[in-house]
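So you know, we letter chains A, B, ... as the sequences are listed, proteins then strands, and number each from 1.
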Amino acid sequence: MTGAWKKSETYRAIRAALYDSNPISKQILGICSSLAVTVKLSTAIVMSLALTFVVAFSNLVISSMRNQIPRNIRIIVEVAVIATLVIMADEFLKAFLYDVSKQLSVFVGLIITNCIVMGRAETFAMSNPPGKSFVDGLANGIGYGSILCAVAFFRELLGSGKLLGFQVIPDSFYAAGYQNMGLMLLAPGAFIMIGLFTWLENTLLGD
Amino acid sequence: MENLISIFVNSVFVGNILLAYFLGMCSYLSVSQNLKTSAGLGLAVIFVLAITTPVNWIIYHWLLAPGALAWAGLPDMDLSYLKLILFIAVIAGIVQIVEMVIDRYSQALYNSLGVFLPLITVNCAILGASLFMVERRYSFSQAVVYGVGSGAGWALAIISMATIMQKLRYADVPKGLQGFGIRMIVTGLMAMAFMLFSGITL
């Protein structure tokens, strides 16, 4: 059972997305537009869910239309599908999670220009059947989300001593002279965090 | 006027669209190896932003904003949810025109930018500037200044990065940090330097 599962194409697609070419460090492209929401863990989680939704369903829709889309105008069709899904996600957040959607500000809209979504549609969905494309989108979204949440985890923990809004660094630490690292709340913190993550990954996994 | 100058300075330095809002990273990371290409792409981005931000302002305020269609007898219409899809369409069209103009007048620049010009369409900085312009409720003149300023800030960031990368070739970077890692850390240090401008008020 496990052996058969390990050989299946779905498993390979998931493995490729989550491990072999995890979006942020290996493909580099997906980090546009994502880092600004990593000051807090909660916004990063919502952003990851929104992106996973968009990339999975855009893969599904584009893949089921792939034989009907003329080659020359495929980019426009892809952008239209992605933009529609992003508008749906954006309106949903405004309706049910208004506070978070205010904090995410323009960054949900910017999923349209996220290179992962476009890249998966172009390289995977255009040449694979719908079911496989959907799984590929799901796995890519999760792979991207895991990095985003990891960055947000450390930025919120080190920057404000909290996780998901709850204080985790005990008061006695502060009394003993511990201080929050203000740099982590500013933009440079995210760049440096990503740099260090890449270093760790390269050192642990080798090339 | 002072307001406009402060928007300009803010969008170039403190609120730099790349270093403070992380927009336009894809092309920034893929092009910043070469000074000449970076400068070319920087100019292209300034140009595209200076056109798309005002054009999108007009589209938003005359067609999409709540009550904007009053001139057509539809005072209750609110089409603002369509802004994402219309903005991206406008940007794609304008980038196409810029590409044709550069192709016609500067073959050398066209050859060096090659694949990256179409990438400007999906450059988050371009769409991001239009969305920020709506969110911050800029007036038309403010939108023009903001567009040029963000473009200039982006160009400044990518040109500085290209220069630093040339010097960095002689540095002995730890093995795991080479390539992508060191560039992110250098970008972080550069972002810190840009933040120092935040004390300036005009």
- Message: For B:L18, which atoms come within 4.5 Å of any heavy atom of chain A: side chain, backbone, both, or neither?
- Response: backbone
- Query: Can we call the ring centroids of B:F22 and A:F191 under 6.0 Å apart?
  - Reply: yes
- Message: Are the side chains of A:L186 and B:M192 in contact, using a 4.5 Å heavy-atom criterion?
- Response: no
- Query: Run the side chain to side chain contact (heavy atoms under 4.5 Å, CB included) check on B:M184 and A:L196 step by step: do they pass?
  - Reply: CA-CA 9 Å; B:M184 292 311 285; A:L196 294 178; over 6 Å; no
- Task: Pick one of side chain, backbone, both or neither for A:I82, based on which atoms fall under 4.5 Å of a heavy atom in chain B.
- Result: neither
- Item | Residue-level contacts of residues 129-152 of chain B with chain A, using a heavy-atom cutoff under 4.5 Å | B:L131, B:F132, B:E135
- Query: Does the side chain of A:V79 come within less than 4.5 Å of B:I88's, by heavy atoms?
  - Reply: yes
- Find the distance between NZ (B:K83) and CG (A:D90) and round it off to the nearest 0.5 Å. 6.5 Å
- Query: At what distance, to the nearest 0.5 angstrom, does CD1 of B:I91 lie from CD1 of A:I112?
  - Reply: 9.0 Å
- CG of B:L82 to CD1 of A:I87, rounded to nearest 0.5 Å, is 6.0 Å
- Item | Choice from B:Y81, B:F87, B:F194 maximising heavy atom contacts with chain A below 4.5 Å | B:Y81
- Measure across A:L110 and B:G128 and return the closest heavy-atom pair with its distance rounded to 0.1 Å. CD2-N, 3.6 Å
